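Below is one structure; the comments refer to it alone.
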Amino acid sequence: MIAIDSTAAPELAQIHLESVDPAWSEDSFQALLQLPVVYGFRDQDFACFVLFSIIADEGEILTFATRPQFRRQGRGKKLLQDCFNYFFKQKVEKFFLEVNENNFAAIQLYEQLDFKKYGRRESYYINSQGETATAILMSRGRVK
Ligand SMILES: CC(C)(COP(=O)(O)OP(=O)(O)OC[C@H]1O[C@@H](n2cnc3c(N)ncnc32)[C@H](O)[C@@H]1OP(=O)(O)O)[C@@H](O)C(=O)NCCC(=O)NCCS
């Protein structure tokens with residue numbers, strides 16, 4: 001895994017365009033990655049990336065995506081696992097995330113990484129067509 005900074009914003013916005021609706025703009029990525037609590041990582045080939053916010057001993061996945069042509073190759077899961085191992089060594093004890101309840105692929109992946117569902121937020125997401133969807137809240141601690 002390789003740490004990324006705000007200079008990666010154009011690539012991140014491009015991957016988002018292919019992955020998420022609504023995608024975040026280059027400016028949003030640039031601004032986020034300038035915040036001291038936000039950490040970004042990519043894999044060697046820049047096939048996938050993830051952004052975390054880390055505050056004290058808790059982390060949150062802000063966004064995470066793999067380019068479509070590189071999906072189902074274990075890349076996203078490996079990147080997240082590497083990040084968790086890194087952050088656990090930095091004494092981050094617990095991670096949180098929100099995921100669209102219709103996002104079966106991501107929920108499967110998070111469950112494989114020991115995330116458990118603990119709540120939901122109705123109509124949390126709204127896509128570019130104005131359709132709403134429920135967010136599932138998930139968390140995991142350090143797994144022995
Ligand atoms: C979710 C996402 C990041 C997964 O990335 P990926 O690199 O393809 O994931 P991996 O190859 O590491 O998959 C690991 C496991 O997750 C599950 N999984 C991943 N994609 C899946 C799919 N399309 N359908 C069902 N299960 C899936 C599988 O269990 C998979 O293991 P397997 O291939 O051995 O069965 C990718 O699909 C993506 O970018 N989606 C759009 C953006 C997104 O939804 N981000 C998450 C927002 S919370």
Side-chain angles (χ1 to χ4, degrees), residues 1-35 37-55 57-89 92-144:
M1 86 196 204
I2 296 171
I4 49 181
D5 62 20
S6 58
T7 61
E11 288 278 9
L12 305 188
Q14 180 56 41
I15 298 173
H16 239 221
L17 263 185
E18 300 170 345
S19 305
V20 176
D21 177 20
W24 299 359
S25 68
E26 189 179 321
D27 285 351
S28 308
F29 279 112
Q30 193 144 25
L32 266 176
L33 279 159
Q34 282 169 358
L35 298 175
V37 295
V38 173
Y39 297 80
F41 298 94
R42 65 170 174 88
D43 68 346
Q44 204 76 31
D45 301 330
F46 220 143
C48 52
F49 77 95
V50 57
L51 297 192
F52 290 89
S53 70
I54 306 285
I55 295 177
D57 62 352
E58 292 187 349
E60 182 176 358
I61 294 181
L62 301 178
T63 189
F64 164 51
T66 298
R67 292 182 202 267
Q69 66 271 36
F70 290 109
R71 290 186 189 158
R72 288 316 282 271
Q73 297 175 12
R75 291 168 183 260
K77 186 174 165 183
K78 163 105 177 43
L79 178 65
L80 285 190
Q81 191 63 70
D82 288 349
C83 291
F84 294 135
N85 290 340
Y86 166 77
F87 282 125
F88 285 136
K89 283 187 197 141
V92 180
E93 293 293 331
K94 194 147 189 191
F95 288 91
F96 298 86
L97 61 83
E98 286 140 13
V99 57
N100 187 317
E101 74 171 347
N102 303 317
N103 193 345
F104 179 72
I107 293 172
Q108 284 273 106
L109 191 159
Y110 295 139
E111 285 183 336
Q112 285 182 14
L113 291 174
D114 298 302
F115 278 87
K116 307 275 187 265
K117 297 175 183 172
Y118 71 91
R120 44 193 288 126
R121 287 195 188 124
E122 308 290 333
S123 302
Y124 182 75
Y125 297 107
I126 178 157
N127 70 14
S128 54
Q129 307 301 308
E131 298 158 339
T132 59
T134 294
I136 301 294
L137 311 181
M138 303 183 83
S139 68
R140 69 164 271 185
R142 184 191 288 271
V143 176
K144 308 274 182 311

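Note that the structure is predicted; figures quoted are calculated from it, not measured. Quick note: numbers below take in every heavy atom, side chains included, and nothing from hydrogens, waters or symmetry partners. As the structure lists them, so they are numbered: ligands from 1, and atoms in each ligand from 1.
A salt bridge does not link K117 to E101: none of the charged side-chain nitrogens sits closer than 4.0 Å to a carboxylate oxygen.
In terms of the side-chain contact (heavy atoms from CB on, under 4.5 Å) criterion, residue partners of F41 (sequence neighbours excluded) are, by chain and number, M1, A3, Y39, V50, F52, L79, C83, Y86, F87. Annotation: ring pair (Phe, Tyr, Trp, His ring centres under 6.0 Å) contacts of F49 (sequence neighbours excluded): F29. With sequence neighbours left out, the side-chain contact (heavy atoms from CB on, under 4.5 Å) criterion links A105 to N103.
In this structure, a donor-acceptor pair under 3.5 Å is present between the side chains of T134 and E122.
Ring centers of F46 and F70: at least 6.0 Å apart, outside the cut-off.
Ligand 1 is surrounded by S19, F64, A65, T66, R71, R72, Q73, G74, R75, G76, K77, E98, V99, N103, F104, A105, A106, Q108, L109, Y110, Q112, each with at least one heavy atom closer than 4.0 Å.
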